[in-house]
Amino acid sequence: MDLIRIKNVKKVYKNGVTAVNDVSLNIKKGEFVFIIGETGCGKSSLIKMLYREEKPTSGQILLGGIDVGKLRNRKVYKIRRKLGVVFQDFKLLPKLTVYENVAFALEIFGLPKDEIHKKVIKVLDLVGLKAKLNQYPTNLSGGEQQRVAIARAIVNGPKLLICDEPTGNLDPKTSMEIMNVLEAINKLGTTIIMVTHDIQIVNELKKRVILLKSGIIAKEYAEGEYKDEGI
Amino acid sequence: MKVFRILLRDIRDSFRNVFRNFSLSVASISCITITLVVVAVSLILSVNVNKFTKLVQDDVTIVVFLDKELSLEDCKKIETKIKNLGNIESVKLKDKEKIRQEFMESKTYASIMKDWDTREENPLQDAIHVKVKDINEIKKTADTIEKIEGVDVAKYGEGMVEQLVSIFDIIKKASYIAVIALIIVTAFLISNTIKITIFSRQREIGIMRLVGSSNINIKIPFILEGLLLGILGSIIPIIIITYGYVFLYDNFNGKLFSDIIKLQKPNPFMFQGAALLLLIGMVVGMVGSLRAVKKYLKV
């Protein structure tokens with residue numbers, strides 16, 4: 001069953017640049033999909049439209065049956081609550097502890113304190129940071145900060161996790177640790193879409209790969225099909 | 001229950017954020033304090049200028065001189081007639097004998113009056129002292145009084161009173177304009193300071209949006225924070241308008257320079273002023289935050 005249906009999506013920015021041009025794509029529930037391509041090929045624009053940071057100029061993006069492009073600004077939160085997003089720069093709040101950064105994403109739902117506590121501890125355990133819950137992000141390594149960001153993104157049990165170059169700032173060893181965490185999350189049933197430049201990771205994980213070039217899908221590879229062809 | 005929990009969390013967060021962003025909070029609070037102190041001082045000045053002008057206005061009297069041949073009975077009838085006219089605050093009849101007596105007893109006029117023989121006919125006229133409710137209507141009232149039979153003339157210091165009234169009117173309006181203008185400037189300054197505070201927290205707002213906070217969920221903690229900054233910033237101005245003003249009033253024995261300039265009594269003025277300052281602080285704090293946060297909620 002498809003979780004995401006992208007139909008003939010086009011994104012033209014105000015300055016006239018066409019970032020995404022007539023892209024159609026379906027992603028099933030529980031899939032792990034890599035989106036790769038050169039800088040400026042439209043990868044980030046495509047996933048920004050998925051979490052409605054950008055609106056498609058034309059075409060349709062259905063996420064769990066909801067037409068994301070037609071959502072009004074004040075209703076955007078509805079879609080954001082169904083997905084998690086992880087960025088290259090972590091986007092953590094430096095004045096909050098690890099625990100508070102993760103709990104932050106649950107407090108907006110008005111959950112009771114003990115329920116928030118249980119969920120935060122569970123997810124910090126999953127990403128291997130249970131021992132550092134009272135630390136501030138500035139005291140953590142890049143990999144640890146990214147794991148906090150992942151924990152925050154999945155703490156409310158989203159169906160979809162969008163990762164925009166999550167290993168872009170990390171060394172190869174730490175990157176693989178992050179990928180292990182993401183694989184574990186995927187095995188629990190969460191669909192993952194990950195934008196990356198890191199071909200080594202794509203090669204090792206052998207997941208479905210979508211190669212974008214100049215805003216269009218240049219090639220699609222099914223699971224295990226992709227062999228190091230560069231980007 | 002859920003809404004209550006969210007509100008409680010928002011209140012907790014607004015308190016925490018004031019301390020977490022301490023230097024920016026101090027900047028906002030200082031800005032609110034300084035501007036509200038200026039508002040407080042101008043409020044004190046404005047209220048006292050108005051009090052003084054009112055005292056002077058209240059002192060303006062129409063003196064109605066009555067025809068000499070009238071009996072005391074006739075004078076009282078005219079007094080009643082005047083009392084029943086509109087715009088009359090008080091009426092007081094002074095018969096000529098009483099006036100002569102007062103003149104003879106007064107240091108200023110005694111030397112003139114001593115040459116008069118009390119057995120001779122009293123050269124003075126009976127008079128009625130009239131105070132009006134609306135000083136702007138004094139000319140009209142004096143003209144109406146003059147038309148009453150038995151009234152010789154009604155004097156109130158024509159020309160000078162009108163001039164005084166127009167000067168006081170200008171002072172009153174200018175003080176109101178000054179206070180209102182200051183409040184607007186205060187609102188603008190405070191709201192811009194808070195805007196800068198929130199500008200530095202764009203990232204936080206972005207993350208709140210990202211994890212699924214609705215616009216209202218994002219706005220409420222910032223509005224509460226603005227409210228808190230407004231309350232904290234109005235503490236010193238409130239102290240100035242309450243304790244400071246009472247100190248000033250007591251030290252000057254309630255008057256400035258002479259008995260003519262009486263100061264406004266602290267009670268209830270200081271409480272009203274304090275409430276106004278608190279209200280300005282709270283409203284401006286909230287509106288400033290809301291304005292700033294709204295800017296970052298547009299996609």
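For clarity, every value in this text was computed on a predicted model and none was experimentally measured. Note that these values count all heavy atoms, side chains included, but never hydrogens, waters or copies made by symmetry. Letters go in sequence order (proteins before strands), and every chain restarts at 1.
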Residue pair A/Y13 / A/T18, side-chain donor-acceptor N/O under 3.5 Å: no
Chain A contacts, top residue of B/V3, B/N21, B/I207 (heavy-atom pairs, under 4.5 Å): B/I207
Under 4.5 Å from any heavy atom of chain B - which part of A/P158: neither
Which atoms of A/D89 approach chain B - backbone, side chain, both or neither, heavy atom under 4.5 Å: both
B/I6 atom CD1, over 12 foreign heavy atoms within 6.0 Å: yes
Side-chain donor-acceptor contact under 3.5 Å, B/D134 with B/N87: no
A/Q88-A/N169 side chain donor-acceptor pair, cut-off 3.5 Å: yes
Under 4.5 Å from a heavy atom of chain A, the part of B/R20 involved: both
Options A/E100, A/K78, A/K113, ranked by heavy-atom pairs under 4.5 Å with chain B, top entry: A/E100
Mutual orientation of the aromatic rings belonging to A/F87 and A/Y51 [parallel < 30°, tilted 30-60°, perpendicular > 60°]: perpendicular
Heavy-atom contact with chain B under 4.5 Å, split by part of A/L111: backbone
Heavy-atom pairs under 4.5 Å with chain B, option from A/A105, A/G84, A/A153 with the top count: A/A105
Structural part of A/L92 lying under 4.5 Å from a heavy atom of chain B: backbone
Check: A/F32 ring centroid to A/F34 ring centroid under 6.0 Å: yes
